[in-house]
Amino acid sequence: MEGAASAEKRSVEDFRVRVHGGPHPLRAGSEGGATTFGRDDDAGWAPRPPDDANASRRIVAHFDVDAFYSQVEELRDPRLRGRPMAVTQKFLIVTANYAARSAGLKKLMSTTKAKALCPEVALVSGEDLTPYRACAKKVRAALERFGTCEKLGLDECWVDLTAEVDRRIAAGGPASDPPLVGHRHSSEHVVESDNAHRPMDIRAVDPERTNASDGVHHPVPPRCEDGADPDANPDVSDPARERRLRVGAAIAAEARDAVRSATGLRMSAGIAHNKMLAKLVSGLHKPDDQTTLPAGVAAKLVSPLPVRALPGVGHGAERTLVHRGVRTAADLRRVTRSEVCEWLGPRVGRKVHDAAWGVDREEVAPKPAPNFVTCEDSFRSCTTWSSVDAVLAVIAPDLLARMDEEYEDEVERTVGAGALIPAGRAARTLTVKWRDVGPGGKGTGWSRSSASTTMPTLANDRSIDAKRRADALREAATRVLRSELTRGFDLRALNVGAGNFEPKAVTLNKRPGVEAGCVSGSSGIDVGTGRAAPHGSAFAAMNARRDYDRGGGRMSKTEERALSERERGLGGGVFGGGLNGGGGGESSDVFAEPLRDQDEDEEDGDSFYADLADVQRSSAMPSIGRVQSLVPRKRGAEQASLLSFFKGPSKR
DNA sequence: CTGGGGTCCT
DNA sequence: AGGACCC
């Protein structure tokens, strides 16, 4: 294996070559190219793949907004378009646009290195996630029309297209048997990663280019190694399945168009028979393009990949596997399922073992409302209680804004589902997390500690003054920290979170004729008192909530345990402060004082930009300690003073 | 010069 | 409460 240093050294030119379609780097083992996963997967004996009975019917698409934060920032500030530009958090590049990538900028690179590679790069702070959350919401709204949607992070989404595919095929006509739109992955393709640290970010190598030295295409005889049918040609699969994939690809293309017209954002997509494969291929022809994976090609695609590229294999699992000589998915297939389960634990073991064959039984399941919302800031050094308080003074209002955002979302969800009464979203637990390197700068390294306490009632009360709420939050957080940090400290990060939300208010009535998968038959909570209705119980409320969130279904053991714990904790089912919704829902009070008063150069008449501008104005205060960007943004006076306060000498 | 979020399991 | 995983 090559050292990281040399990999980084050559990355600049490599990427330019790929982006602009210049001569292709040599294939596997090349000295100048990106990491290429070669076509050497046919070595050794392969046991049978795990069964996957539903493998053929489902059509799943994975959507991924290209360079998400960068695109959002380019929408907010058109001056950034077409220039090399990157979004930063503190000293890190979190994403770069394609102009910057062609100069060698990569995800999670330090800003120092970014500026060295590309002095003209515009750096924009992306520490406040509010605008990205707002965009992500619009993206999902556009995608949801095409099927059940499951989000992963802010910029990724799976959509189950099965029902829509069925509908189109049943309807007949041209839409029931369309030509393939976008790319079709085949066993001729080799796949590679251009970032040694992120082998999961893979792209396809165009087979015509890899073989084009003499202008003639030389197909390599495909071999099936998934054990199902050793003689089958993976590129000639079941015509019915291929047709379903083609219909899925057409739908995915429409979905990408829909997102683009609703938001202006470009995305890539992968279309396959399960979530894992859809995600694997969605990036193969990034940006702004899509890739379809025929069923028979899946095993070929997966087998040369390093284990780290399989979902579920992080740093820990990779270390474990490599230590035992298992480096690739093909290696993984040669060891037994029970061995993998022994090494990684039953759950991860099964998932990873399946993944090595391209099997994934997980359904596309919408994520329920979040269990936690948190706000965090990091800094060079923080050793005194007054500085802790200064940090909390910034973070606490941020968290309140997040909690209120969450409340608004809950109202949308429940009212959309036919509820008459907006749900409660009062957090019962306040969690504080911190990274402490210790009094002398020596300590727990990068690990974090955390402690929690009861969320003060005032913090949940949207009817009172924002400052009082923030003060209550701050006090509680400080109390926790004081009892934990009894000796000296030197914090590098501080995080406050609100979670363990109370069961939402169950609707007593539904709009006549509205079904909407809402609470069925369970009695609920008296809206007036906020207490459990006479024949209701906390359990009923939780149960109803679960049914609503997940559309029914069984509880896992963990859920059962958590539920009964919560039930015990609830006692008589008292629900404090959260249901006082009446006049307290006006979040604008919270932001009565504009944090930034400079004229945002209003973007023409586009409603999307207008929305974003609103978000900006109402967003929580940007974090302290922001890096100065090449595209300067005014800082509030309060923040400027904090910035200098925290700019103190670095310990190292 | 190592973000700021989240999830789930143990 | 902490760790592993995901973005």
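Predicted model, so just to flag it, every value in this text is computed and none were measured. Proteins get letters first, then strands, A, B, ... in listed order; numbering begins at 1 in each.
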> Quick one: is A:Asn495 getting a side-chain N or O under 4.0 Å of the B:dG6 phosphate, OP1 or OP2?
no

> Between A:Arg58 and A:Glu363, does any side-chain N to carboxylate O distance fall below 4.0 Å?
no

> Between A:Gln89 (CD) and B:dG6 (C1'), how many Å, whole number?
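After rounding, the reported distance stands at 13 Å.
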
> Taking the nucleotide of DNA chain B with the closest heavy atom to each, which residue, A:Ala493 or A:Thr112, is nearer the 5' end?
A:Thr112

> Out of B:dG5, B:dG3, B:dC8, which has the shortest distance to the side chain of A:Arg133?
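For A:Arg133, the side-chain atoms sit closest to B:dG5.
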
> Any luck finding a side-chain donor-acceptor pair between A:Ser70 and A:Asn97 under 3.5 Å?
no

> Take A:Asp160 and A:Thr148, measure what side chain to side chain donor-acceptor pair (under 3.5 Å) needs, and give me the verdict at the end.
CA-CA 5 Å; A:Asp160 191 331; A:Thr148 301; 5.9 Å; no

> Provide the start and end nucleotides, 5' to 3', of the part of DNA chain C that has atoms under 4.0 Å from heavy atoms of chain A.
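Contact span on the strand: C:dA1 to C:dC7.
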
> Any stacking of A:Phe91 on B:dT2, going by centres under 5.5 angstrom and planes within less than 30 degrees?
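No; by the centre-distance and plane-angle rule, A:Phe91 does not count as stacking on B:dT2.
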
> Consider only side-chain N and O atoms of A:Gln290 and A:His285, and report whether a donor and an acceptor are under 3.5 Å apart.
no

> What's the OH-P distance between A:Tyr132 and B:dG3, to the nearest Å?
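Atom OH in A:Tyr132 sits about 16 Å away from atom P in B:dG3.
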
> Short question: side chain of A:Ser193, backbone of A:Arg198 - any donor-acceptor pair under 3.5 Å?
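It does hold such a pair.
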
> Any base atoms under 4.0 Å from A:Lys107, or only sugar-phosphate, or nothing? Heavy atoms, all strands.
nothing

> Tell me what A:Gly312 touches on the nucleic acid: a base, only sugar-phosphate, or nothing, going by heavy atoms under 4.0 Å.
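A:Gly312: backbone/sugar contact only, no base atoms under 4.0 Å.
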
> Return no unless some side-chain N or O of A:Ser378 is found under 4.0 Å from OP1 or OP2 of B:dG4.
yes

> For A:Val373, which contact category applies under a 4.0 Å heavy-atom criterion: base, sugar-phosphate, or nothing?
sugar-phosphate

> Base, sugar-phosphate, or nothing: which does A:Arg198 touch, judged by heavy atoms less than 4.0 Å apart?
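Nothing: the residue A:Arg198, judged by heavy atoms under 4.0 Å, touches no strand.
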
> Just by modelled atom types, is the A:Arg380 backbone N or O under 3.5 Å from a matching donor or acceptor in the A:Arg492 side chain?
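Yes, the answer is positive, given that a donor and an acceptor are paired below the 3.5 Å cut-off.
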
> Hey, does the side chain of A:Arg435 come within less than 4.0 Å of B:dT2's phosphate (OP1/OP2), counting only N and O?
no

> CG of A:Leu123 versus P of B:dC1: gap in Å, rounded?
17 Å

> Does a distance-only test, which skips hydrogens and angles, find a donor-acceptor pair under 3.5 Å between the side chain of A:Arg380 and the base of B:dC1?
yes

> Whole angstroms only, please: what is the CZ-P distance between A:Phe372 and B:dG6?
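A:Phe372 atom CZ is separated from B:dG6 atom P by 11 Å.
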
> Using a heavy-atom cut-off of 4.0 Å across all strands, would you classify A:Arg402 as base, sugar-phosphate, or nothing?
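Sugar-phosphate contact only.
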
> Taking only residues two or more places apart in sequence, or in another chain, which ones meet A:Phe489 in a ring-ring contact (aromatic ring centres under 6.0 Å, His included)?
A:Trp385

> Taking atom P of B:dT7 as reference, at what distance in whole Å does atom NZ of A:Lys275 sit?
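Distance, rounded to whole Å: 14 Å.
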
> To the nearest angstrom, how far is A:Asn500 atom CG from B:dT7 atom C1'?
16 Å

> Here's one to test your reading of the geometry: is the NZ or CZ of A:Arg425 within 45 degrees of the ring axis of A:Phe501 and under 6.0 Å from its centre?
yes

> Given that A:Ser110 and A:Cys375 both sit by DNA chain B, which one's nearest nucleotide is further toward the 5' end?
A:Ser110

> Would you please name every residue forming a ring-ring contact (aromatic ring centres under 6.0 Å, His included) with A:Trp434, sequence neighbours left out?
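In terms of ring-ring contact (aromatic ring centres under 6.0 Å, His included), with neighbours along the sequence ignored, A:Trp434 is linked to no residue.
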
> If I take atom CZ in residue A:Phe379 and atom P in nucleotide B:dG4, what distance separates them, rounded to the nearest angstrom?
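My rounded result for the distance is 10 Å.
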
> Using a cut-off of 4.0 Å on non-hydrogen atoms, how would the nucleic acid contact of A:Ala451 be classed: base, sugar-phosphate, or nothing?
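Since only primed, P, OP1 and OP2 atoms lie under 4.0 Å of A:Ala451, the category is sugar-phosphate.
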
> Considering only side-chain heavy atoms of A:Pro370, which listed nucleotide, B:dG3, B:dG6, B:dG4, is closest?
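Looking only at side-chain atoms, A:Pro370 lies closest to B:dG6.
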
> A:Lys367 NZ to B:dG6 C1': how many Å, rounded?
10 Å

> Respond yes when some side-chain nitrogen or oxygen of A:Lys90 is under 4.0 Å from OP1 or OP2 of B:dG4, and no when none is.
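For B:dG4, OP1 or OP2 has a side-chain N or O of A:Lys90 closer than 4.0 Å.
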
